[in-house]
Amino acid sequence: MSSLPNPYLPSLARILEVVVETPDIKSFRVELCDEAARESFTFEPGQVAQLSVFGTGEATFVINSPPTRREYLQFSVMRVGEVTGRLHMLQAGDKLGLRGPLGNHFPYQDMRGKDVVFVAGGIGMAPLRTLLLFMLDNRGDYGRIRVVYGARGPANLCYRQEMEAMRDAGQIELILTVDQKSPDWAGQVGLVPNLLMELAPPADNCVAVTCGPPIMIRYTLAALEKLGFADENVVTTLERRMKCGVGLCGRCNVGGTLICVDGPVFTRAQLKALPDEF
Amino acid sequence: MSLVFLARENLPAWIGRLYQDMAVFAPMTINGVAAFRALGQDEIPDLSRIPASSPKAAVFPQTETLFTFTSRKHADDLSQVDIDLSYHLAEVPRVILGARPCDARGLKLMDPVFGGKVKDPYYLARRERTIIVSQACAMPDRACFCPGTGGGPYDPAGSDLLLLPVADGWLAQGLTEAGEKLLAQDLFTPAGDREPEAQSLKDKAEAYLAQAPDMRGAEQAFENLFKDEAFWDQATAGCVRCRICAYLCPACTCFNITDEESGLKGERIRTWDHCMSYMFTQEASGHNPRMQKAFRMRNRIGHKFCYYPQLHGGTVSCTGCGRCVRACPSGIDIRRIVESMKRKGA
Amino acid sequence: MSTIDLLREAIRAKLPDLDMVLAWGGDDPLRASPLFIRTESDLENLAAPHLYVSNLAVNLYSLRSKKIGLVVKGCDSRSVIQLLKEGLIARPSLYIFGLPCEGVVDAAKINREIPDAGRATGLAVRSGRVMVQTPENEHILDLDAVLADRCLRCRYPNPLIYDQLIGEAIPVGEIPDLYQDLDEFEALSLDARHDFWMETMRRCVRCYACRNACPLCVCKAHCVADSREPHWLTLETNVSQKWFFQVLHSMHLAGRCTECGECERACPMGLPILLMRRKLNREIRELFGYEAGLDLMTTPPLSTFSIEEENIAEREL
Amino acid sequence: MSVVDGKEPSVKELRIIGFLCNWCSYGGADTAGVSRFSQPTDLRIIRVPCSGRVTPLFVVKALMSGADGVLVSGCHPRDCHYSEGNLYARRRLEVLKRFLPTLGIEPERFEYIWVSASEGERWQTSVTAFTERIHALGPSPAVKVNRYDARLVAGGL
């Protein structure tokens, strides 16, 4: 073996707990098996890691527990493909591979002293959760925190109880919405960008952080522009098919920018400088 | 450095000696097509044709094992499984014999990809153990355009040893210590007055390529044409989305990673991938940022003539070897695409 | 008027009614490339007929939403018939220029014959001879030595389906032994045949040009070879994977393949992979008296059955 | 060949894959078992809904993955549960059988037969005859391919 670090070799991790969030999303709470590695593992909110199910493959997920809470690393996984399908079959005690942290992170330093509005759809809440919890753990550094979060139906809202508890504790202002009316839902109905327009958070000294399906992001960015948010105050996190996660395999580029190492977090100002290929 | 002469009839003996100490990658011609392979004992390469494939597999194999994984179940509790991971880096020294100057440049283009900020230990282990013996191109063909990418048919860049063709053999020029070492053999004799002969072949080859279009400096034109879908549609019309251009390219490095398992054992493998494939950017969610082949071709051209040069001081990720041009079943010619891009996007 | 002039005028006349016309063009002296004619000025790039080597039918499926004009040789017309028969394309959106063909030259063969063929500047065919001009030499070859293999055993020099015939139909010559190469191959021992495929597949680079150049391979991104669920193939480039892919491809073409030879022509390694497809075709001919792409009405033999099979014996153990 | 009732001393068992249709041949094999007819144990049975489900590629994939022989068995012609699945199968499998020698694979490694649910004895004789045939042929063609691949990997480093 060579003295070079091997960027492809995962560390072994153990699943501590599996939380069923929605019918197709599970959260996996894991820890690295090696104690020294566990102690020295550091990351920033918004960074991602590659999870391996050996024999099936690897896929990229954001670490959605904040670095301020070290008892486990949490990943929320929606079942959509081969790797996520196999991940959903795993249970507490099972082993998987973990490679990370990878990529850049949310510019939380630049957000200090500002109000923050989170705008999320579906599984897109997962990356924002990291930053949200991080801010709650440093609550004094940030102003008002508002969350607009939507999903197809009530059952598809991720972290619902957790966020409602934050609201009840007065830590955040929360608007939950679903796409279609349903008998078990008394809350808002409507698409996220529309609710955002209704909420109309003042753009002054405020940062918007958004993630969700591509179509939702597109309309959210348009809404934020109408609300007067400057491009550098709009932050999003992108997804691309990734393999290596370290900038070599060549598929996650947008122009000369690689989502896996230069991203996944970009401000709208940065996105505008990239070729239009999303 | 002084030149020495290797007679054509001494080539097999020389290869035989190299074979004692290292793996020899060289072009073999079968059914009229020369392709690089690891030679077996007593196999004699054909250096007369421009090889259809590049020798990049010697340092970046089409398939390689990144690591193996083995699951071990605990005898007393079968639900408890330990997983062992292990990997292996290449140890055997190797020589690429009969690379063309464009191939040697191809490796130089791959080096900053695999040896940049993130070091790829698999590539580097092979690369450090690789000696490149190139043969200068006395007979470039109509698909060749190396001068347009910054190279040339006699360009020594990237080679350890350069063989200059003469009528009955080669004049060998050591360019590095490793290359020089290979010459310390009784099979090589002083070059005498053969140098003018080699020089005249060189002049002819360079004159033949004088018309090669300049593929450099297209970054701005590419960016200007990025949104011109009609241009990319037309450039890609005949493409059947096969993988020839990427797999034969001495500079293409994109790869895939997949797992294969059988029972309790398996391996994670890395294989060449190809940007003209729909699957290349297909996301599990169903979203695909490069749905149409025109967008994929745009990315392919952009990568080679805009993004790579922007990161690497204007050097294009193309060596003008012409392999994609020769082998494209639809006759797509990358020179024509870049030329018209520069014209239209100026 | 020469054939190329007739063709040019025919296309010019129909072009206003069509989204585009597929023909052959380019400046390579040894082979023409697909030419997508959208405007009259594109007609200037038409190449000479003996270079019309590719089968343009490969483009039809992905262009099926457009109104397409297509130039076909006899062999190409069989692919069109097969695509129509399978319901993969529709006749009304197609206008076919039928081109009687005297054979096309195979650039790979010229490359094998002439060391400096890669430097060719011109090629002319005259009375059974091919002249290849290079900067240093003028080579003269027998046309028969460089005609594409499929031309040497051609039985359908005239298109079997067309809206308009360009020039006169060509009389069909003596029909040569169709499967001589296969007979020779099958005379080898079983081990030798096995070894042949091992050595052949060793050289395969798994570029899928054979699949993608095949006019009847229409699964495109959904090919089982690219799928992980089901997992027929891994991405390993070893002989077993590559060999299995060839068998898979051949099997999916059984009773459909018209032996246009595009798989073999597209192969950058010059691998004789048409042999497998031809073997299946011969067996299907012998068993069911069927050849693909000859008519629009008959059902492909593997999509149907007879209760009593004339040529299949009951099997017992 | 090992035999269930242990009458014969066992030689090394080979791997034979049987694709048996759910309605006839699987029943036939079951009948043979219930009747306690002794059978070789080399056969691994994969139950399929109908012999028409068996694409020839199942057979090739099995052979190339290390099976020493492959047996497909379905309902007799005219007796298919789905009325015509086996008739399609017959054409495809016959073409496959004629194709195998061109690949350099002994066509005898593959056989297709028809056995009904009541034909326990016919099942026994068929499977015994096929197993004997495969033993005469020896190990799978995949062994050669894998050996070839291993040599290339060693050469390709």
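In what follows, chains carry the letters A, B, and so on, assigned in the order in which the sequence lines appear, proteins first and then strands, with residues in each chain numbered from 1.
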Turns out that what part of B/R49 lies under 4.5 Å from chain C's heavy atoms comes down to side chain
Taking the side chain as every heavy atom from C-beta outward, state whether C/F245 and C/W232 have any atom pair closer than 4.5 Å. no
B/D228 and B/K344 ion-paired at < 4.0 Å: yes
When the 4.5 angstrom heavy-atom criterion is applied to B/V240 and chain C, the contacting part is both
When the 4.5 angstrom heavy-atom criterion is applied to C/A107 and chain B, the contacting part is neither
Pick whichever of B/T271, B/I269, B/I30 has the most heavy-atom pairs under 4.5 Å with chain C. B/I30
Is a side-chain N or O of B/K56 found less than 3.5 angstrom from the main chain of B/T253, in a donor-acceptor match? no
One pair to check against side chain to side chain donor-acceptor pair (under 3.5 Å): C/T134 and C/D116. What are the steps and the verdict? CA-CA 7 Å; C/T134 69; C/D116 59 344; 2.8 Å; yes
Geometric class of the C/Y52/C/W24 ring pair [parallel <30°, tilted 30-60°, perpendicular >60°]: parallel
Going through the checks in order, is the ring-ring contact (aromatic ring centres under 6.0 Å, His included) test met by B/Y122 and B/F60? CA-CA 8 Å; B/Y122 304 92; B/F60 175 43; over 10 Å; no
Highest number of heavy-atom pairs under 4.5 Å with chain C: which of B/C245, B/G331, B/G238? B/G331
Please check if any side-chain donor atom of C/S33 sits under 3.5 Å from a side-chain acceptor atom of B/S330, or the reverse. no
Heavy-atom pairs under 4.5 Å with chain B: which of C/P272, C/A209, C/C210 has the most? C/A209
So, B/E339 side chain and B/P213 main chain: donor-acceptor pair closer than 3.5 Å or not? no
Counting N and O atoms only, with roles assigned by atom type, does the side chain of B/T65 sit under 3.5 Å from a partner on the main chain of B/F67, one being a donor and the other an acceptor? no
With a 4.5 angstrom heavy-atom cut-off, could you sort out which part of B/L248 is near chain C: side chain, backbone, both or neither? side chain
Non-hydrogen contacts under 4.5 angstrom with chain B: give the residues of residues 54-72 of chain C involved, or none if there are none. C/V58, C/N59, C/S62
Find the one option among C/E113, C/R211, C/H231, C/K109 whose heavy-atom pairs under 4.5 Å with chain B are most numerous. C/H231
If you count heavy-atom pairs under 4.5 Å with chain B, which of C/R203, C/R206, C/E236 comes out on top? C/R203
Checking B/N256 against B/H274: is there a side-chain donor and acceptor pair closer than 3.5 Å? no
Hey, is CD on C/E136 packed in by over 12 heavy atoms from elsewhere, all under 6.0 Å? yes
Is the closest side-chain donor-acceptor distance between C/R277 and C/Q246 under 3.5 Å? yes
For the interface with chain B, which of C/R38, C/R202, C/E199, C/R265 has the highest count of heavy-atom pairs at distances below 4.5 Å? C/R202
Where the side chain of C/D226 meets the backbone of C/C223, is there a donor-acceptor pair that is under 3.5 Å apart? no
Side chain, backbone, both or neither: which part of B/A237 has a heavy atom under 4.5 Å from chain C? both
Which one wins on heavy-atom pair count under 4.5 Å against chain B: C/G118, C/G270, C/G26? C/G118
Is there a side-chain contact between B/R241 and C/N212, using heavy atoms and a 4.5 Å cut-off? yes
Counting heavy-atom pairs under 4.5 Å to chain C, which of B/A143, B/P140, B/A52, B/A327 comes out on top? B/P140
Given heavy-atom pairs under 4.5 angstrom as the criterion, report whether the side chain, backbone, both or neither of B/M279 touches chain C. side chain
Non-hydrogen atoms of chain B under 4.5 Å away: do they reach the side chain of C/E262, the backbone, both or neither? neither
Heavy-atom pairs under 4.5 Å with chain B, option from C/D28, C/N111, C/N238 with the top count: C/D28
Using non-hydrogen atoms only, which part of C/P115 is less than 4.5 Å away from chain B: side chain, backbone, both, or neither? neither
Decide, yes or no, whether a salt bridge links B/E260 with C/R228 under the criterion of side-chain N to carboxylate O below 4.0 Å. yes
Below 4.5 Å from any heavy atom of chain C, which atoms of B/Q62 appear? Answer side chain, backbone, both or neither. both
Heavy-atom contact with chain C under 4.5 Å, split by part of B/I244: both
Bottom line for C/F36: the part with an atom under 4.5 Å from chain B's heavy atoms is side chain
Is C/R119 paired with B/D141 through a side-chain N to carboxylate O contact shorter than 4.0 Å? no
Could you tell me whether B/F255 and B/W272 have their ring centroids closer than 6.0 angstrom? no
Would you mind checking which part of C/A108 comes under 4.5 Å of any heavy atom in chain B, side chain (CB onward), backbone (N, CA, C, O), both or neither? neither
Does any backbone or side-chain atom of B/R326 lie under 4.5 Å from a heavy atom of chain C? Answer side chain, backbone, both or neither. backbone
